[in-house]
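Heavy atoms only: backbone and side chains are in, while hydrogens, waters and symmetry mates are out. Naming convention: chains lettered A, B, ... in sequence-line order (proteins, then strands); numbering from 1 in each chain.
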Amino acid sequence: MRVLQQQSSSQQSAVSTSADDNGDRCGASFSASSSDSDDGVPLSARITNNRSATNGKSSLRRGNDDSGSDSDSMPLSKLSVDPRAKRANDSSDSESDQPLSNKVKAPKKTTNGSIATTTAVKRAKREIVSPKDAKKAKMAPTLKAAPATAAIDKKPRIKKDTATPAANAASRRGSAAPLASKIANRKPSIKAESSVTAPSQDGSEDSDNEEFKWWLENKDNDGPKWKSLEHFGVLFPPEYEPHRIPLSYKGKPFKMHSEVEEVATFFAALVGTDHGNNKVFQDNFFSDFKELCDKHHAKHPIKEFKSCDFSSIRAHLDGQSAKRKAMTKDEKETSKKEKMLIDEKYGFCMLDGRREKVGNFRIEPPALFRGRGAHPKTGMLKKRVLPEQVTINIGENAKIPDPPPGHKWGNVIHDTTVTWLAMWKENINGNTKYVFLAAGSSLKGQSDMKKFDKARNLVRCIDGIRSQYTKDLRSDIMAERQRATALYLIDRFALRAGNEKSDDEADTVGCCSLRCEHVTLEAPNIVNFDFLGKDSIRYERTTEVDKQVWKNLRLFQKAPKTKNDMLFDRLTPTTLNKHLQTLMPGLTAKVFRTFNASFVFQNQLANTPANGTEAEKILAYNRANREVAVLCNHQRTVSKGFQGQMTKIEDKLLAVRYQRKLLKSYLLEVAPDLKKKHPEIAKSEPGLTAKWIKSFLLVTCETDCDKARKKFERDNEKLKEAGEAAIPESKLAAQIAEINEREKSIKNGTYTPELPVSKNTHTDKILEKISKLTERIANIEVDKIEKDENKTTALSTSKINYIDPRISVTWCKKYNVPLEKIFNKALREKFTWALDVDSTWSF
DNA sequence: ACCGACACTTAGGAACTCTGAC
DNA sequence: GTCAGAGTTCCTAAGTGTCGGT
């Protein structure tokens, strides 16, 4: 169980503002005082990492009021009072005595049984900023980066043209140099570790400049995303190669058509895994499998899943995997080269004349859909994608990539307002899959920087926003009160917005879609949240909240609502975001997560020991990172070997401590005066019990025996190869006998341990050795702490997506820690735009 | 106001690769 | 050279939020 310390609001308001900020960013003025009335709320919260609970799905959906008497805008006091809703003992809270809507609409039925899903209720009414705000935002001075505003976010949506053969031919005619050589001959335009401070350049076709620092540009974010785009399209997975191994059905072999066999093989690969054991997965798989059997076999015996035996196919797969593992060095080299050739071809494109990395250029191969959590469609067959289903997006003058022989592209378009290179639809949920540029590309970098700048804008609007919602917590209008309460939860606990989901998806929720059953209240102000969030990760937390928030939550849960009803029945992410846009241009619910993550991180970094070792500084960094990961509920499953690994580290630690103990005892014996100058040598070693030492020494005997045997065999092998006489067995026997003697003396307590240094070593040398061991011990201890603390928490997600990289860069500069210690190569590439900030930058 | 389509970000786990101890 | 474990990359599911049409 971990304790999360969140920043207090007073901390949050004490933020510095740097000179390159745009001043004019908050779109609303606040009449309420700037002091946050939440100050009194202790924000410690207990988090447990239990995963994957099952929650009942709501039978009742959000009640949309059509009735005039129960409208959102009507003051609560005017609503009719349901006697069941009346609370007897809360006279101080007159507003909360008002009833909620008595009507809750019946669930929306999914009208469509087909695979192409329709989202049941997706409220999306777009609203942005007033023209005035948009204008204001555009006029704001831009030094380093343009402010992120809704106005800037807005992009014109153009109709996609269908590529006519004539247009395609024209495109081909327009292509100048062969693309392969053009792309291959250029290095990526974005370099992570650049020492070059080249002047910025415009985004036009200036191919020779390798260091394109787009972040130094004053680019208009409103325009098209690119001017020219050339690429090789997508790579299709190889055709299925049948193995002809029959499925065993009721003990009898069933020879399958290759299409049927392919699907059986998909399942065979998952036998014994969580998916393979999941009943829904099995049922969905079997239903699709049987359909294929019907299609390809006029007569077949397949009737029930439980009579299918996939073990022969599985054995074949295991054999293949073993073969792959046993590949020779040359074979591995060849396969690596083949992969590199493919990566070189499809992995890069030319964007506005610059070579940029493409992300996922591979078309997803057919497979069984692995939905997460209790996904009703998990196990269904995800079909093979054909070129005819793929749309290519490419520059008008670029050569259109060749589709695989005998095929043609579904469509070819030239849409400069989007960033994808190719797109197709998958058959399970009807979702669109895109091929985008890689994370380190200029396009991704630009939107990343925009995202963090927007979150940074919130730093200076947050006090006003908090005052506003704190005031609204007592609003007479139910919709407003719900909105304020939800906003409090989003702000304080980093909850996601919580869009409504359809019945053919896993039952997961976010803030707006919370149901009454997900929140348990305990007087006077304790709340327990327990629900499945994104990816069916359980969010379980008990915490104190603002007293008024607690009262509101109680009000929102009141009868006639039942546990399956929406907690916030007058609120949707759309209405919430619409409101947020009035408080700050471009503000949406998700910005709070980015803002709070970065803000908490920056505050936590203040705990870095300025005079500590590098390892200690990095530990402080990772701890700050962990606070954020806990706040955002980024979890991971505990690895299988975790406990064993911890025991190993513990033993390693004790073994080093034992070495140090021996040296210290020796020093005390030969130079007792030393302890005046070096009192640490008189200190005992924690954790070193006589029992542990004995068992450690005995294990050492065992391993020494093994080592001696292995060395003996190895040496003889070498001698044999050289044609020389072998070492006699007696030599090994003598060694073993010596070890056995040692073992005996350990057992009967007469053993005198050997010193890790020779007897006549100078005391200075021994002190030096002790200090090295001390350093080693400190490092192992840090490792141990980190390992334990990271057991169920994934740090990478927040590092990649939520923490402004400029905070990390600044920290490295301030504490003199090399950036490579905290950002790996991929992160350094992703965040090139952030590397130039100086050590005084603050979020 | 509502809906589906769309475009993009965020997410955890599997697969693969590197590294250091033996 | 082998192996385990750490670190990294790949894969693709699952979110959020916007847009145009009705």
Angle between ring planes, F285(A) versus F267(A), binned at 30° and 60°: parallel, tilted or perpendicular? parallel
Relative to the ring of H375(A), is the ring of F369(A) parallel (under 30°), tilted (30 to 60°) or perpendicular (over 60°)? perpendicular
Check this one for me: any side-chain N or O of [X] less than 4.0 Å away from OP1 or OP2 of [N]?
| X | N | result |
| --- | --- | --- |
| K501(A) | dG15(C) | yes |
| T797(A) | dT10(B) | no |
| H634(A) | dA11(B) | yes |
| K336(A) | dT17(B) | no |

Scanning both residues in full, the closest heavy-atom pair of T378(A) with N278(A) reads CG2-ND2, 3.9 Å
Report which part of the nucleic acid [X] touches: base, sugar-phosphate, or nothing (heavy-atom distance under 4.0 Å, all strands).
| X | value |
| --- | --- |
| Y802(A) | sugar-phosphate |
| A589(A) | sugar-phosphate |
| R496(A) | sugar-phosphate |
| G510(A) | nothing |
| A794(A) | nothing |
| K590(A) | sugar-phosphate |
| K325(A) | nothing |
| K332(A) | nothing |
| S796(A) | nothing |
| F436(A) | base |

Considering only side-chain heavy atoms of K534(A), which listed nucleotide, dA7(B), dT12(C), dT10(B), is closest? dT10(B)
Any salt bridge between K339(A) and D343(A), counting N to O under 4.0 Å? yes
With no hydrogens and no angle check, just 3.5 Å: does a side-chain donor-acceptor pair link R483(A) and H579(A)? yes
Assert: residue with more 5' nearest nucleotide on DNA chain C, out of L827(A) and V591(A), is L827(A)
Between dG13(B) (C1') and R370(A) (CZ): distance, integer Å: 10 Å
Enter the inter-axis angle for the ends of the helix from dA1(B)-dT22(C) to dC22(B)-dG1(C) (five pairs per end, rounded to 10°). 10°
